[in-house]
Amino acid sequence: MPSMASRSGSRRRSMNEINMVPFIDVMLVLLIIFMVTAPMLTPSSVNVPSVGKGAKVPKTRADVFVDKDGSIRFKTDGNERPVALQNLGATASNWLKDQPEDTPVLISADKSVPYDSVMQAMAALQRAGVSRVALAVKSGG
């Protein structure tokens with residue numbers, strides 16, 4: 001029996017070395033693929049179309065200004081005051097009670113203002129039941 005044990009011991013040698021060459025080859029191929037495709041990836045950009053003047057400018061309107069820091073100002077007939085986002089809808093609907101039915105609320109924001117801030121202001125106005133909400137744009141080419 002001792003001879004049998006020595007034979008099985010010689011068959012079960014532990015492997016002390018791992019061949020790293022295939023791993024390195026695969027990593028180099030992946031590196032080359034990423035180096036070639038990275039310059040081709042460009043960030044997407046949105047080209048906003050320019051518009052002309054509207055046919056009819058409303059006589060009365062409310063202006064909502066969204067500033068860079070996220071603060072909101074509500075302006076009506078020269079009276080401008082800061083308003084919290086939570087109170088914007090109530091402020092606009094209270095002002096619209098005394099106005100004609102088709103009076104618009106115009107949202108103006110700098111192009112560096114995050115899109116989310118403008119959409120939150122628009123959603124607050126729509127939740128309050130404001131029927132005409134418009135976005136201000138630059139006119140011309």
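Values below: all heavy atoms of this structure, side chains included; hydrogens, waters and symmetry mates excluded. None of the values given here were measured: they were computed from a predicted structure.
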For residues D69 and S71, determine if any side-chain heavy atom of one lies less than 4.5 Å from a side-chain heavy atom of the other.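 In short, these two side chains touch, coming nearer than 4.5 Å.
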Membership question, hydrophobic clusters at under 4.5 Å side-chain separation (ILVMFWY): are M20 and L28 in the same one? yes
Is there a path of hydrophobic side-chain contacts, each under 4.5 Å between heavy atoms of I, L, V, M, F, W or Y residues, that connects V29 with I32? no
In the hydrophobic clustering that connects Ile, Leu, Val, Met, Phe, Trp and Tyr at side-chain heavy-atom distances below 4.5 Å, which members other than F65 occupy its cluster, ordered by chain and number? none
Residues that, via side-chain heavy atoms closer than 4.5 angstrom, fall in one hydrophobic cluster with L135: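 Result for L135 is V64, V66, I72, F74, V83, L85, L88, W95, L96, V105, I107, V113, Y115, V118, M119, M122, L125, V130, V133.
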Let me confirm one number: the OG1-CG distance from T103 to D98, rounded to the nearest 0.5 Å. 10.5 Å
What distance do Q86 atom CD and Q120 atom CD have between them, rounded to the nearest 0.5 Å? 9.5 Å
Does any pair with a residue in residues 70-91 pass salt bridge (Lys or Arg N to Asp or Glu O under 4.0 Å), and if so which ones, sequence neighbours excluded? D67-R73, R73-E80
A90 versus A128, closest heavy-atom pair with distance: N-CB, 4.4 Å
